[in-house]
Structures are given as C-alpha cells and as structure tokens.
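To start, the structure under review is shown below, and the notes come after it.
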Amino acid sequence: MGFPKNFVWGTATASYQIEGSMLEDGRGECVWYRFSHTPGKVNNNDTGDVACDHYHRYREDVALMAELGVPAYRFSIAWPRVLPQGIGVQNPAGLDFYDRLVDELLAHNIRPFVTLNHWDYPQALQDRGGWQVPASIEWFSEYADLMSRRLGDRVKDWITHNEPLVVAYVGYMFGHHAPGLSDRVAAFKVAHHLLMSHGAAVPIIRRNCAGAQVGITLNLSWLDPASDSQADREAVRRDDGFGNRWFLDPVFKGEYPADMVASLGETLEGLDLAEIKQAAVPTDFLGINYYTRGVVAADDTSPTKTRRVRMTGNPHTEMNWEVYPDGLRNLLVRVWKDYAPPAIYITENGAAYDDPTPQDGVVEDPDRIAYYQAHWKACEQALEQGVPLKGYFAWSLLDNFEWAHGYSKRFGLIYTDYATQQRTLKRSALVYRDLIARHKVQR
Ligand code: IFM
C-alpha cells in the first residue's frame with residue numbers, strides 16, 4: 001500500500017472509557033460518573049467505575065501496544081483526576097499517573113498524542129454552569145496550562161477537544177450523554193465555548209511546549225442526498241451546516257456559517273457570534289473521527305427538518321452504522337479542499353461487532369478486519385489525491401465503555417473480559433500489526 005514511511009500509525013482510547021478508579025487517589029467526580037450512576041441513563045446501568053482498570057494495568061496495556069508494534073498512542077487526560085475541582089488545587093497522584101504513563105510509552109518508543117478534553121469533565125465545574133458559561137474558557141485554559149507544563153517536555157502532540165459536536169448536541173440537545181439535557185439554546189452555547197476555549201488553549205500549549213503540534217478533533221460526516229431531488233440536496237446542505245460547517249468554519253475561518261446563523265435565529269440569542277474569530281488560531285493539524293456516512297432526506301413535516309435514511313445495500317456494524325469507506329476518502333478530500341488544514345490525522349476509525357469469546361488465545365473478527373482494510377484503502381486513495389494525511393489511529397486499543405451503550409459494544413483491537421480483566425488479541429490486531437510492520441520506519 002502507498003503510505004509514506006513517516007505515516008503515524010496508532011491506536012486511541014479515552015480516560016473515562018478505560019481507566020476505572022473513578023474516585024481513587026483523590027480523583028474528583030466527573031459528569032459521566034454522575035450520569036452513569038443515574039438509573040436508566042446508560043444501557044444496563046453500566047458505569048465507568050472499573051472499565052478496563054487501565055489506571056492499574058497501564059503497563060500491561062503499553063506492553064500490548066509494543067507487542068503489536070504500534071508506534072503512537074492517543075489517550076486523554078481525566079481532567080478531574082488532575083484537578084479534582086476542575087481548577088485550583090492539584091492532585092499530585094493524578095499528575096503522577098500521567099507522568100508514569102507517558103514515561104512508559106516513551107520507554108517503549110511509542111509517541112503519545114494527548115487529548116485534553118474527551119468528555120471526562122469535572123462535575124464541580126458542571127455545578128458552576130459548565131460549558132454553558134463563558135468562564136469555562138478560563139477554566140479550560142488553566143487545565144491546558146497545567147498539563148502542557150507538566151508533560152510538555154515529553155509530549156509534543158496535543159489535541160484540545162474531542163468531538164465538540166457530541167458534547168454539545170448529544171449531551172445538551174438530545175440528552176443521551178452527560179449531562180443529559182434537552183436544551184437547544186444551551187447546546188449552542190456549549191459549542192461556542194468549546195470552540196472559543198480551543199482558540200484560547202492553543203497558544204498556551206505552544207508557550208509551554210517547545211515544538212508542540214496542536215490540533216482539534218472533530219467528528220465529521222460525509223453526507224449523500226437520499227435522492228437527486230432539490231429538497232434532498234438542500235437537506236444535505238442543512239445537515240452539513242449543523243454537523244460539519246458549524247465546527248469547521250469557526251476553527252478555519254473564524255466565523256459561523258451564515259446560512260445556519262440565519263436559520264437558527266433566536267436559538268443563538270445571547271451569544272456574541274463575532275467573537276468566534278478567536279477560535280481560528282493557527283492549528284498544526286485537524287483530527288478527524290470517521291465511522292460512517294449519512295444519507296439525508298428532506299422531512300415532509302417541516303421545511304427545516306431532515307431525516308436519515310438507512311441504506312440496506314451495505315453491511316452495518318453493531319452500532320447500526322453503515323460501512324461506507326468511500327465516505328472517508330470523499331470527506332478527506334472535501335475538508336482539504338474547503339479548509340486547507342496543514343495536516344490531517346484520522347484520530348479515530350473503527351467498528352463495533354458482536355465478537356465471539358476468545359478461542360485458543362485469539363478472537364476471530366473477520367468483519368472488523370474487512371472494515372479496517374477498506375478504510376485503509378480509502379486513506380491511501382486520499383493520499384494519492386494529495387490530501388496531507390499524516391496518520392491514522394484505530395479506535396480502539398481495547399474494548400471499553402461505549403458511553404450510553406455501556407459495555408455492550410466492542411470496538412477494541414484487543415478483547416476485554418470485564419469479569420477477569422483478561423486481554424486477548426483479536427485477529428484484527430494481528431492484521432494491524434502486520435500492516436504497521438510493512439511500513440515501519442527505522443528509528
Ligand atoms: O467511543 C467513541 C469515542 O469516545 C468518541 N468517538 C466515537 C467512538 C465510538 O462511538
């Protein structure tokens with residue numbers, strides 16, 4: 001395959017999804033702790049209290065990465081583990097944990113990519129208004145300052161936020177994620193402050209960390225119209241505005257998309273939309289999380305509504321997401337042409353399947369292998385078209401806590417037996433190992 005020799009291959013995780021030890025060693029409560037402990041919010045009332053017990057087993061997990069020859073690892077910091085109240089008093093045990101993790105990675109020649117906000121948000125700050133209030137920008141800046149001072153001598157790759165869309169819309173508009181609100185006005189405030197805080201944090205990280213490469217990760221969709229009708233094509237335009245341009249335009253152009261501002265009207269009341277120019281600080285890369293495409297139709301019940309159409313011709317994963325690798329290539333080319341980021345990383349891509357239990361020391365997962373291979377091909381095609389794609393992170397290293405789905409969805413390259421915490425490589429991990437070995441850079 002035509003990947004450049006310096007292409008960065010990695011795996012990704014997030015703190016709440018794997019660490020466990022929720023209130024151990026001085027860690028403060030996070031919004032997902034509160035949410036998952038509220039009956040009925042998460043499938044099976046699962047919580048992240050133990051998850052993959054990575055807090056205690058990180059050495060084993062790093063050794064597994066090394067065994068697979070994975071040269072990079074994207075993980076996130078649990079903000080309330082290092083600042084239990086979100087700001088102010090630091091937690092030495094939490095800071096030490098991330099020191100040890102980074103050192104362990106470097107000792108195994110694995111390059112750490114740190115995400116500051118992958119939804120593990122301090123409950124103490126939520127109680128003060130959370131991302132809905134402008135002070136949240138200052139709070140995030142303090143946290144970014146602390147972590148980049150602490151780790152900046154060893155960590156050079158930084159991601160401010162993971163998927164601000166999901167925090168804002170799924171957490172505050174649809175209520176399926178923490179904090180579980182159904183408030184459209186709040187959702188756009190949250191998106192605004194997340195984007196603004198990205199703009200505030202980037203120069204802080206640069207100041208503290210010589211040679212830092214800083215970016216943001218967005219979950220972006222490739223959208224196709226359900227038919228060739230004008231109504232369906234306009235529906236695509238609206239969904240693109242809502243899900244893609246609402247986040248891309250601020251980061252790369254310093255403005256919100258005018259068509260969306262007009263159609264959202266009063267929903268945006270109270271926001272100083274012009275200040276969003278501060279979100280457009282130069283970033284070194286854009287992280288893109290891609291899983292599936294959307295097929296969009298106009299909704300006959302309202303001129304502004306859209307609906308998603310389930311395509312029956314292609315396979316679907318356990319998340320009921322269509323397997324559509326062409327969407328990844330199309331999306332990469334589109335984002336590059338419309339926004340010209342200096343570099344792009346796929347910071348997440350992968351698939352959940354109903355895996356069998358381990359047999360003879362391995363888990364056979366042919367559907368996941370097919371998914372990955374098709375998406376690697378799409379990356380290769382994007383590279384051939386000139387997209388500055390610098391790396392790819394498989395989601396996820398381990399089966400883990402899949403948010404409102406609890407432990408029912410397995411995304412891992414490595415199978416987690418939650419009762420025993422035994423890890424078993426899936427066949428897809430071995431296929432990924434072989435792909436990486438074929439492209440290995442001698443360091
Ligand atoms: O597990 C999540 C991850 O935390 C964020 N991106 C999507 C993944 C799969 O749903």
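None of the values given here were measured: they were computed from a predicted structure. We use all heavy atoms of the structure for the numbers below, so side chains are in, but hydrogens, waters and symmetry mates are not.
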Trace of the side-chain contact (heavy atoms from CB on, under 4.5 Å) decision for Thr115 with His118: CA-CA 7 Å; Thr115 307; His118 198 132; 4.3 Å; yes
Evaluation steps, side-chain contact (heavy atoms from CB on, under 4.5 Å), between Ile216 and Phe285: CA-CA 7 Å; Ile216 185 169; Phe285 64 87; over 6 Å; no
Verdict with reasoning, Ile346 to Phe393, per side-chain contact (heavy atoms from CB on, under 4.5 Å): CA-CA 6 Å; Ile346 306 293; Phe393 290 78; over 6 Å; no
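- Classification of the Phe411-Trp321 ring pair by plane angle, with boundaries at 30° and 60°, yields tilted.
- A donor-acceptor pair under 3.5 Å is formed between the side chain of Arg154 and the backbone N or O of Arg150.
- Note on ring orientation: taking the six-membered ring where Trp is involved, the planes of Phe3 and Phe7 are tilted (angle from 30° to 60°).
- Between the Thr292 side chain and the Glu322 main chain, a donor and an acceptor come within less than 3.5 Å of each other.
- Between the CD atom in Glu163 and the CD atom in Glu348 there is a gap of 5.0 Å [rounded to 0.5 Å].
- The heavy-atom pair separating Pro203 from Gly199 by the smallest distance is CD-O, 3.2 Å.
- Using cut-offs of 30° and 60° for the angle between ring planes, the Trp403 and Trp119 rings count as tilted.
- Checking Thr347 against Thr217 by side-chain atom types alone, a donor-acceptor pair falls below 3.5 Å.
- Side-chain atoms of His405 never come within 3.5 Å of backbone atoms of Asn43 as a donor-acceptor pair (strictly under, hydrogens ignored).
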Steps toward side-chain contact (heavy atoms from CB on, under 4.5 Å) verdict (Arg128, Val133): CA-CA 8 Å; Arg128 299 169 69 171; Val133 298; over 6 Å; no
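- The closest side-chain donor-acceptor pair between Asp224 and Trp222 falls under 3.5 angstrom.
- Checked by atom type, the side-chain pair Asp299/Thr306 shows no donor-acceptor distance below 3.5 Å.
- A side-chain donor from one of Glu234 and Gln230 sits under 3.5 Å from a side-chain acceptor of the other.
- Minimum interatomic distance between Ile276 and Pro250 (heavy atoms only, all atoms of both residues): CG1-CB, 3.6 Å.
- Under a 3.5 Å cut-off, the side chain of Asp49 and the backbone N or O of Thr47 do not form any donor-acceptor pair.
- For Lys156 against Ala210, the heavy-atom pair with the smallest separation is NZ-O, 2.9 Å.
- Considering only residues two or more places apart in sequence or on other chains, Asp145 meets the salt bridge (Lys or Arg N to Asp or Glu O under 4.0 Å) condition with Arg149, Arg207.
- Between Tyr353 and Tyr371, the gap from one ring centroid to the other reaches at least 6.0 Å.
- Checked against the 6.0 Å centroid threshold, Phe113 and Trp158 do not count as a close aromatic pair.
- Judged purely by distance below 3.5 Å, without hydrogens or angles, the side chains of Asp326 and Asn330 never pair a donor atom with an acceptor atom.
- A distance-only check finds no donor-acceptor pair linking the side chain of Tyr432 to the backbone of Thr11 [under 3.5 Å].
- A salt bridge is defined here as a Lys NZ or Arg NE, NH1 or NH2 lying under 4.0 Å from an Asp or Glu carboxylate O, and Glu380 with Lys377 meets this definition.
- Applying the side chain to side chain donor-acceptor pair (under 3.5 Å) test to residues at least two apart or on different chains, the pairs with a partner in residues 166-186 are Gln126-Tyr172.
- The aromatic ring centroids of His192 and Trp246 lie 6.0 Å or more from each other.
- Residues His54 and Asp61 bring a donor and an acceptor atom of their side chains to less than 3.5 Å of each other.
- A donor-acceptor pair under 3.5 Å links the side-chain atoms of His108 to the main chain of Glu104, judged by distance alone.
- Between the side chains of Asp399 and Thr416, no donor N or O sits under 3.5 Å from an acceptor N or O.
- In this structure, a donor-acceptor pair under 3.5 Å is absent between the side chains of Asp249 and Asn244.
- For an aromatic pair to be called close, the ring centres must be under 6.0 Å apart, and Tyr121 with Trp139 fails this.
- Side-chain contact annotation: Tyr291 with Asn349, donor-acceptor N/O pair under 3.5 Å absent.
- Every residue meeting the ring-ring contact (aromatic ring centres under 6.0 Å, His included) condition with Phe75, not counting sequence neighbours, appears here in chain and number order: Tyr73.
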